[in-house]
Protein chains: 2
Amino acid sequence: MAVTLKDVARLAGVSVKTVSNVVNGYAFVKPENRRRVEEALAATGYRPNLGARNLRRGRTGFLALMVPELNIPYFGELAGLVLTAAQKLGWSVLIEQTQGTRERERETLASLGPHLVDGALVHPEALRAGDFRDAAGGIPLVLLGEHAVDVPIDRVAIDNVLAARTAVAHLAGLGRRRIAAIGRNPARGTSEQRMAGYREALSDAHLSYVEELVAPAEKYHRAYGAAAMQALLDLPEPPDAVFCFNDLLAIGALRAVAERGLRVPGDVAIVGFDNNEESAFSVPALTTIAPDKAALAEAAIDLVCRRITGETATPPQTVQTPFALEVRESTTG
Amino acid sequence: MAVTLKDVARLAGVSVKTVSNVVNGYAFVKPENRRRVEEALAATGYRPNLGARNLRRGRTGFLALMVPELNIPYFGELAGLVLTAAQKLGWSVLIEQTQGTRERERETLASLGPHLVDGALVHPEALRAGDFRDAAGGIPLVLLGEHAVDVPIDRVAIDNVLAARTAVAHLAGLGRRRIAAIGRNPARGTSEQRMAGYREALSDAHLSYVEELVAPAEKYHRAYGAAAMQALLDLPEPPDAVFCFNDLLAIGALRAVAERGLRVPGDVAIVGFDNNEESAFSVPALTTIAPDKAALAEAAIDLVCRRITGETATPPQTVQTPFALEVRESTTG
DNA sequence: ATGAAAGCGCTAACAA
DNA sequence: TTGTTAGCGCTTTCAT
């Protein structure tokens with residue numbers, strides 16, 4: 001059916017070794033033979049059978065990317081960048097969705113392994129430290145995003161505490177005094193970090209931490225942001241600013257404010273987190289923390305590839321990638 | 001390193017054949033042996049090497065999904081659904097991004113093939129009919145979305161003409177007389193279809209087709225929608241309604257209207273296409289055509305799998321999946 | 001019902 | 001510099 005190395009060899013009148021050498025860019029091939037092989041290659045339209053090559057090499061040639069859901073804009077954007085970064089280095093990526101549940105995350109981690117992929121980038125939502133005990137059959141893992149889980153595994157993330165602090169400091173700098181937060185969720189690692197940054201910034205601005213101004217969010221989706229904002233607006237003394245732990249929550253909050261006939265940022269200023277593409281086009285456009293997602297994707301791919309090739313054998317490291325505060329209309333109408 | 005069939009066989013004191021039989025659920029294995037094999041399997045934590053299995057079977061076990069970009073919400077959502085549908089049937093999916101350029105689409109199609117994947121779902125943007133000439137090395141292909149390309153290949157799509165017509169009829173039914181369109185682009189297949197539906201609906205409503213009310217869009221991104229809307233609003237006699245060929249364009253249009261201090265739907269009613277999740281939360285929420293994306297994903301996966309297994313050997317077919325008009329605030333403030 | 005062995009397409013150690 | 005050949009881990013005849 002498909003053209004094999006042997007077919008090419010026969011056509012070129014050389015051995016498979018020589019063809020293999022040419023295909024793999026081995027330098028020492030007699031020019032005459034190289035020419036004939038290349039001709040045969042072109043004539044047959046030969047394409048190496050990756051499965052066979054990798055079986056022989058003890059590699060699969062694939063990486064995995066584990067994320068909650070691709071229809072969450074942040075992960076859609078990130079996945080796109082990861083694919084691009086991987087492709088540049090000649091890797092194919094298998095994307096696995098977990099829906100953010102611990103069980104699916106554990107299953108997925110277990111299903112990964114040397115027989116399927118050579119390495120994986122994982123963005124866990126609910127995994128605990130113990131879940132990593134020789135998971136994934138020992139292939140190199142790189143954790144994406146900051147999490148409470150304290151495991152000796154490579155990580156790439158922005159400084160969530162500082163980012164949250166920056167966002168809230170911006171609000172305080174605008175003269176807002178009742179700054180709420182939406183997104184507290186003990187089950188999520190990043191929630192802890194962002195809470196910490198929130199508290200630090202309040203303290204920096206000599207504002208006190210008010211329990212009732214911190215709204216939980218079960219999921220970081222738009223509808224939950226809207227619901228949380230409604231609750232906040234029902235307070236006897238509603239907030240004059242809100243820091244949302246991601247843009248989806250912020251977009252929901254934006255709607256809730258509009259539905260009350262209130263103004264953003266006039267009555268309530270809003271800051272998000274992630275800089276989803278949609279956030280630049282909401283009405284009003286959303287001020288948000290903009291992580292450098294391309295840098296994140298590239299650093300992660302780079303790291304996992306170096307681990308696979310054994311190029312880097314140092315202890316697990318944490319790479320911090322940059323972020324910026326993107327100021328838009330939702331705080332400076 | 002990893003546990004192989006041979007290791008399990010040795011531990012269980014049987015031949016690899018017997019282990020293979022157990023692993024593959026072959027019925028006729030002596031209960032005693034089955035028990036011992038299962039014990040050995042559990043003790044070693046054996047996981048089959050997919051590469052080797054597929055090499056032997058002449059399969060790869062992978063499907064490909066070719067899309068322009070994952071950070072476009074429609075494709076992020078669709079990809080997530082495709083992954084889910086594929087997983088249910090035990091397939092892994094390789095996602096390939098083309099950025100919507102014809103060249104990358106051709107390259108990708110060529111890079112696919114029996115050595116990499118067993119079948120592919122492709123959502124082309126710029127491909128021409130000729131580009132499909134024995135592309136992808138003869139593996140089963142399923143086209144996603146409607147396109148101008150007329151090739152004898154399986155397809156899954158909604159009825160774009162009818163959908164567009166429905167959207168515009170809705171606008172006309174609201175009493176709007178100057179209904180514009182944003183998104184004309186001869187290079188894109190769906191553009192033709194949506195233009196046709198637009199014209200049909202105008203004619204149904206006894207409105208004449210006005211060339212200046214049809215705005216082109218190079219890319220179907222938010223910024224292009226905003227630019228097109230601005231141009232439309234600069235017209236001596238601006239439109240009182242706009243049909244955008246996707247939600248991204250509509251979101252951009254929404255912003256452009258807001259920036260002028262005009263009202264949606266008061267001054268201009270807007271309808272989109274795709275029903276991205278964000279469209280339910282924009283201010284105002286967007287009326288849009290909502291294709292049943294889950295049905296699309298499932299039908300496509302189902303079809304390609306049946307072709308691969310040879311279960312379906314009929315001539316290429318076109319499967320139509322349902323859509324609905326989702327009426328929201330942007331047309332009924 | 002199960003074992004022995006061939007071979008999927010490829011790479012690489014070993015020879016020549 | 002190039003040919004020969006042994007596997008990579010698995011499935012699957014063909015025997016038994």
Side-chain angles (χ1 to χ4, degrees), chain A residues 1-38 40-41 44-62 90 92 113-118 137 139 309, chain B residues 1-38 40-41 44-62 90 92 113-118 137 139 309:
Chain A
M1 181 112 305
V3 183
T4 75
L5 220 44
K6 213 198 266 181
D7 299 327
V8 179
R10 189 171 27 224
L11 182 60
V14 297
S15 77
V16 292
K17 177 74 201 315
T18 304
V19 180
S20 176
N21 282 344
V22 172
V23 170
N24 292 290
Y26 184 64
F28 307 102
V29 177
K30 201 199 289 179
E32 161 66 6
N33 280 343
R34 176 180 298 277
R35 195 187 51 71
R36 295 173 57 179
V37 169
E38 275 164 355
L41 246 22
T44 54
Y46 170 79
R47 321 237 10 159
N49 179 318
L50 268 21
R53 169 181 291 177
N54 291 323
L55 173 59
R56 180 60 234 232
R57 285 188 178 158
R59 292 265 187 85
T60 68
F62 292 105
S92 289
H115 58 286
L116 187 60
V117 295
D118 300 330
I139 58 166
T309 59
Chain B
M1 179 114 305
V3 183
T4 74
L5 220 42
K6 213 198 269 182
D7 300 327
V8 179
R10 188 167 31 218
L11 182 60
V14 298
S15 77
V16 292
K17 175 75 204 308
T18 304
V19 181
S20 175
N21 282 344
V22 172
V23 169
N24 293 291
Y26 184 62
F28 307 101
V29 178
K30 203 198 292 179
E32 161 67 4
N33 280 344
R34 177 180 297 276
R35 196 189 49 73
R36 297 174 57 181
V37 168
E38 273 163 355
L41 245 22
T44 55
Y46 170 80
R47 320 236 10 161
N49 179 317
L50 268 23
R53 170 181 290 176
N54 291 324
L55 173 58
R56 182 57 235 233
R57 286 188 179 158
R59 290 262 188 89
T60 70
F62 291 104
S92 290
H115 58 286
L116 187 61
V117 294
D118 299 331
I139 59 167
T309 59

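Letters A, B, ... are given to chains in the order of the sequence lines, protein chains preceding strands, and every chain is numbered from 1. This one's a predicted model, so the numbers in the text were calculated from it and none came from an experiment.
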d([atom1], [X]; [atom2], [N]) in whole Å:
X: Arg56(B); N: dC8(D); atom1: CZ; atom2: P; result: 16 Å
X: Arg47(A); N: dC8(C); atom1: CZ; atom2: P; result: 22 Å
X: Leu5(A); N: dT5(D); atom1: CG; atom2: P; result: 16 Å
X: Leu55(B); N: dT12(D); atom1: CG; atom2: P; result: 12 Å
X: Arg10(B); N: dG9(D); atom1: CZ; atom2: C1'; result: 13 Å
X: Tyr26(B); N: dA1(C); atom1: OH; atom2: C1'; result: 8 Å
X: Glu32(A); N: dT2(D); atom1: CD; atom2: C1'; result: 14 Å
X: Asn24(B); N: dT13(D); atom1: CG; atom2: C1'; result: 15 Å

Can you tell me if Thr60(A) and Asp118(A) form a side-chain donor-acceptor pair at under 3.5 Å?
-> yes
What is the nucleic acid contact for Thr18(B), judged by heavy atoms within less than 4.0 Å: base, sugar-phosphate only, or nothing?
-> sugar-phosphate
How is Val14(B) classified with respect to the nucleic acid when contacts are heavy atoms under 4.0 Å: base, sugar-phosphate, or nothing?
-> sugar-phosphate
Would you mind checking if Glu32(A) and Arg35(A) are paired as a salt bridge, meaning a charged N to carboxylate O distance below 4.0 Å?
-> yes
Do any side-chain nitrogens or oxygens of Thr4(A) fall under 4.0 Å of OP1 or OP2 in dC8(C)?
-> no
Phosphate-side-chain proximity, Ser15(B) and dA4(C), N/O vs OP1/OP2 below 4.0 Å = no
Please figure out whether Pro31(B) or Val16(B) has its closest DNA chain C nucleotide nearer the 5' end.
-> Pro31(B)
Hey, which of these two, Gly13(A) or Arg57(A), hits DNA chain D nearer its 5' end, going by closest nucleotide?
-> Gly13(A)
Of all the nucleotides listed (dT12(D), dG3(D), dC10(C)), which has the minimum atom distance to the side chain of Lys17(B)?
-> dT12(D)
